[in-house]
2 protein chains.
Amino acid sequence: MFKKILIAEDQQSANISLQKTLHDLQIETTDYVYYCDHALSWIKNAKRDDEPYDLLITDLSFEPDNNTQVLEHGTDLIREARNVHPELKVIVFSGENRPSVIDDLFENLNIDGYVRKARHDADHLKQAIHTVYGEKRYQPSAIKQAIREENSFEFTTVDITIVSLLYQGEMQKNIPFILKQRQLKPCSLSSVEKRLNIMKEALGFVKNEQLAVYCKEKGLI
Amino acid sequence: MFKKILIAEDQQSANISLQKTLHDLQIETTDYVYYCDHALSWIKNAKRDDEPYDLLITDLSFEPDNNTQVLEHGTDLIREARNVHPELKVIVFSGENRPSVIDDLFENLNIDGYVRKARHDADHLKQAIHTVYGEKRYQPSAIKQAIREENSFEFTTVDITIVSLLYQGEMQKNIPFILKQRQLKPCSLSSVEKRLNIMKEALGFVKNEQLAVYCKEKGLI
DNA sequence: TTTTGTCTTACGGAAAACCGTAAGACAAAA
DNA sequence: TTTTGTCTTACGGTTTTCCGTAAGACAAAA
C-alpha cells in the first residue's frame, strides 16, 4: 500500500475526515496542508530529500483568503506537482459534478482518480486509493455515462466561442469578425445564427438566455 | 451544553467530521442520519418518547438516490421539524454561499445558525454551537456585508419575474400580458424594457444573456 | 381643488435578431 | 475532370428588440 500521502484540502471538516479515512487504511505517513502553495513546497522538499510522496489527494477549489497564493486552483497544483514529480499519483476529491469538467481532468491533467464529495465519498475514497495503487484509474462509470447522456449535444469549438462571446456582451452581428480574427472556420453571420439555432433546438430552448445559463452551469464557458 | 443533537448530512465525509467535532465537545448523545425523512422520524420519535433533541445540524442539499424521500431538501426538513418540535434549535451546515439564499434561511425559516463548509468550518461549528446554546443567533457578519455589497442593486419582484420569464423562454413582448395576469404593477412593455435596462446598467452588462446568468448564479431566479 | 413631481404607459423610428432561400465553396466519389 | 452532396455564405423580408420622446396616471404637497 502507499506509504506516504499528501492531502491538499482547505476545508477543515473535509481535511479531518480525509485524515481519519487514511488512518483507517493504516497509511504510514499522511501529511495535510490547507494551501496549494504549501502542497507544492512539501512535494518539492520530499522529492529533494529523496522521500517523495506516493500519492496526492487534492481538492479543486481553494477559497482565497489573506494568505495570498501563487497557485490558486487544484489544477494549477496538479500541473506544477507533475512538473517536479512526474510519477506522483493524483486523486482529486471535490464537489465538482459537471461531467465535462471531470472528464477534462482525466484527459488533460491525466489524473489517476476522481472521488466526488457525495453520499459515500469516504468509502469511494478507500476504493479509489486501492484502485490507483493497483496502477489503474478510478473513474466513476457514472461520469462517462453522464457525458454521453447529458451532453447529448456535441458542442464544437465555434459553438462554445459563440456562446462565450454572447455571454461577454458581444452583439451577435459582430461575432463573425471575432471568429475570423481567431481563424475559426464557420464564421459568417448566417453560420452564427444557424449554430445558435441548432444548439437551442437540441437542448429544447428558444432563447439565448437559456443557452447561456445552461453553458455556464455546465462549465462549458 | 446541549445534551442531545441530531445530524442530518448525506455526505459521508462531512458526517464523519461532524461526529468527531461533536465528540470533541463531549456531547452526550449525537445521532446521525443520511436522509431527511429519517431525520424527521427520529425527531418525532424522540419527542414522543419525551427525550427530544436540543439541536438539529443539517445540510441543505441531499443527493437523490434509489432511496426515494418525501423530504428532498434541508429546508423541507427544517419546516417539518419545526412543526412537530417548535423549540428545536437548528444550525445549517452547507456549502451554499449565495448571501440571498442564506439570508432567506434566517428570515423565513428562522434558523439559529449558519456554518458554511469552508476553510475553518469545524472551528466555526464549535463556535456556532456555543453561541446558539447561549440563545443567540450565529450569523456570520460576512453574510450581511455581502448582501449589501454584492447586491448593490435592489431587485424588485417585477425585476425577478421579468428575468425569470426570459430564462423560461418567454419573448420580451409577451411579458406584459403575463405580468398583468399576475397583477404585478409596472407591466407595460416600456416598463419591461426600462427595468431590463436599469438592471443591466447597474450591473455593468449590455446583454440579457449576462443578466440571466448572473441572476441564476445568485439564486435570484 | 390645483399644482407639482414622479412613475407608468403609448408610440414610432432605428437597430438587431430571426428565418427562409438561393448562390457559392469544397471535398469525396465517379 | 466532372459530378454529387454537404457545408458555408450571401441576401432580403419579417419580427423582435432597442431607445428616445411625449402623453397620461397618480400621489403628495400647496
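Reckoned from all heavy atoms, side chains included, excluding hydrogens, waters and symmetry mates. These numbers were taken from a predicted model, which means no experiment stands behind them.
Residues passing the side-chain hydrogen bond (donor to acceptor under 3.5 Å, both in side chains) test with A:Thr75, sequence neighbours excluded: A:His73. With sequence neighbours left out, B:Glu201 forms a salt bridge (Lys or Arg N to Asp or Glu O under 4.0 Å) with no residue at all. Here A:Phe177 pairs with nothing under the ring-ring contact (aromatic ring centres under 6.0 Å, His included) rule; sequence neighbours left out.
Taking atom CG on B:Asn208 and atom C1' on C:dA17, their separation rounds to 12 Å, with Å as the unit.
Side-chain contact between B:Lys89 and B:Ile111: absent, with no pair of heavy atoms (C-beta onward) separated by less than 4.5 Å. Using a 4.5 Å heavy-atom threshold, the side chains of A:Tyr53 and A:Ile5 count as separate. Residues A:Thr58 and A:Leu6 are not in side-chain contact: their nearest non-hydrogen atoms beyond the backbone lie 4.5 Å or more apart.
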Quick one: which protein N/O atoms are closer than 3.5 Å to N/O atoms of nucleotides 14-16 of chain C? Pair and distance per line, please.
from	atom 1	to	atom 2	distance (Å)
C:dA16	OP1	A:Lys173	NZ	3.3
C:dA16	OP2	A:Lys173	NZ	2.6

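Projected onto DNA chain C by closest heavy-atom contact, A:Glu170 and B:Cys187 fall at different nucleotides, the more 5' of which corresponds to B:Cys187.
A salt bridge links B:Glu63 with A:Arg116: the closest approach of a Lys/Arg side-chain nitrogen to an acidic carboxylate oxygen falls below 4.0 angstrom.
Listed by first and then second residue, the side-chain hydrogen bond (donor to acceptor under 3.5 Å, both in side chains) pairs that reach into residues 176-191 of chain B are B:Ser188-B:Ser191, sequence neighbours excluded. Within the structure, every pair that satisfies the salt bridge (Lys or Arg N to Asp or Glu O under 4.0 Å) test and touches residues 155-176 of chain B, not counting sequence neighbours, is listed here: B:Asp159-B:Arg195. Sorted by first then second residue, the salt bridge (Lys or Arg N to Asp or Glu O under 4.0 Å) pairs that include residues 70-88 of chain B, not counting sequence neighbours, are B:Lys47-B:Glu87, B:Asp76-B:Arg79, B:Arg82-B:Asp112. Residue pairs meeting the salt bridge (Lys or Arg N to Asp or Glu O under 4.0 Å) criterion with at least one partner in residues 122-134 of chain A, sequence neighbours excluded, are A:Asp24-A:Lys126.
Within residues 176-183 of chain B, no residue has any heavy atom under 4.0 Å from DNA chain C. Listed by residue number, B:Ser190, B:Ser191, B:Lys194 are the residues of residues 189-197 of chain B with a heavy-atom contact under 4.0 Å to DNA chain C.
Within the 3.5 Å criterion, the main-chain N or O of B:Arg119 finds no donor-acceptor partner in the side chain of A:Asp10.
Aromatic ring orientation, B:His124 versus B:Tyr138: tilted (interplanar angle from 30° to 60°).
First and last contacting nucleotides of DNA chain D toward chain A (any atom under 4.0 angstrom from a heavy atom, 5' to 3' order): D:dT8 to D:dT17.
Other residues, nucleotides and ligands contribute only 12 or fewer heavy atoms inside 6.0 Å of the OH atom of A:Tyr32.
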Pairing of DNA chain C as dot-bracket, 5' to 3': ( ) intra-strand, [ ] crossing, | other strand, . unpaired, with Watson-Crick or G-U pairs under 3.5 Å? ||||||||||||||||||||||||||||||
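Residues B:Phe62 and B:Tyr35 place their aromatic rings such that the two centres sit no closer than 6.0 Å.
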